[in-house]
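What follows is a set of notes on a single structure, which appears directly below.
Owing to the predicted nature of the structure, the values given are computational and were not obtained by experimental measurement. FYI, side chains are in, hydrogens and waters are out, and symmetry mates aren't considered; it's all heavy atoms of this structure. We count ligands from 1, going down the list as the structure has it; atoms in each ligand are counted the same way.
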Amino acid sequence: MMEQLFSEKVALVTGAGSGIGEATALLYAKHGAKVIVSDINVEHGNSVVEKIRKNGGDAQFVACDVSKAEECEKLVNETIKHYGRLDYACNNAGIGGEAAPVGDMSIGGWDKVIAINLSSVFYCMKYQLPAILKNGGGAIVNMASILGQVGFPHSAGYSAAKHGVVGLTQTAGAEYSSQGVRINAVGPGFIDTPLLQQMDKAAKAMLVSKHPIGRLGKAEEVAELVIWLSSDKASFVTGSYYPVDGAYLSI
Ligand code: NAP
């Protein structure tokens, strides 16, 4: 029997219709949380809710485009309306964004990746924090990346956004630490999810070679870190960034 870390608690995951978000939503539910599965993709989000319910869990889908502040506010309001509280949030939704060197990147491509991968995390936390504070505390885990610590050719917008997520997390973590809300960021290496689907075999092999562990990560391996950071086991852990990267950042 799985240890119930989160019974009677409510967890919200954005971008939960696929990949790391899906694995995280499933794992929160396995540990006893009621889960708000949120995504821009209604079909994928609902199918994750079905999976959780089939496993005996409790979940509800709420559609949200995280690049829009008013939708992030509505997402938190819907969470409270449905479950009456919010304890944990994993701000995970994100895109790869336009691939181009800085001089060739379009203004639209830059704006889009900053809106979806960075501004979204501010919008979500802005509305999640008052709700979490009402219960006397909880935890937020923001999805950064190894590219929140280092650059990567043709990914300036993505890397800038993820560096921003780390700075935002450190600042908010310090601001709310004495009020019982722990806020951390995780930095996955390259993880084999639909986000990497458009890559051919050679490009994937190149990525594998950058991970001393000799393979890409799995969504479930990132979810395990999110769950630990959310749980009371991480009670002195806040305002920081944790890679889960098969030693990508070590070489
Ligand atoms: P994924 O499989 O593509 O899942 C991302 C989910 O977010 C999809 O369901 C996607 O919907 C949804 N989404 C896209 N735009 C959205 C928006 N504006 N509002 C709400 N939801 C939106 O990607 P993943 O690999 O699991 O990535 C999840 C997070 O981990 C991202 O923040 C990513 O940057 C980060 N990350 C991933 C890797 C990796 O190698 N995979 C490495 C480091 C960090 P659609 O499918 O309809 O677009």
Asp192/Lys204 salt bridge by N-O under 4.0 Å criterion: yes
Residues in salt bridge (charged side-chain N to carboxylate O under 4.0 Å, His left out) contact with Glu73, at least two apart in sequence or another chain: none
Between CG on residue Asn117 and OG on residue Ser145, distance to nearest 0.5 Å: 9.5 Å
Sorted by chain and number, the residues that approach ligand 1 to under 4.0 Å with a heavy atom: Gly15, Ser18, Gly19, Ile20, Asp39, Ile40, Asn41, Cys64, Asp65, Val66, Asn92, Ala93, Gly94, Ile95, Ile116, Met143, Ala144, Ser145, Tyr158, Lys162, Pro188, Gly189, Phe190, Ile191, Thr193, Pro194, Leu195, Leu196
Sidechain N-carboxylate O distance under 4.0 Å for Lys74, Glu71: no
Gap separating the CG atom of Leu12 from the CD atom of Gln60, nearest 0.5 angstrom: 11.5 Å
Ring centres under 6.0 angstrom apart (Tyr88, Phe6): yes
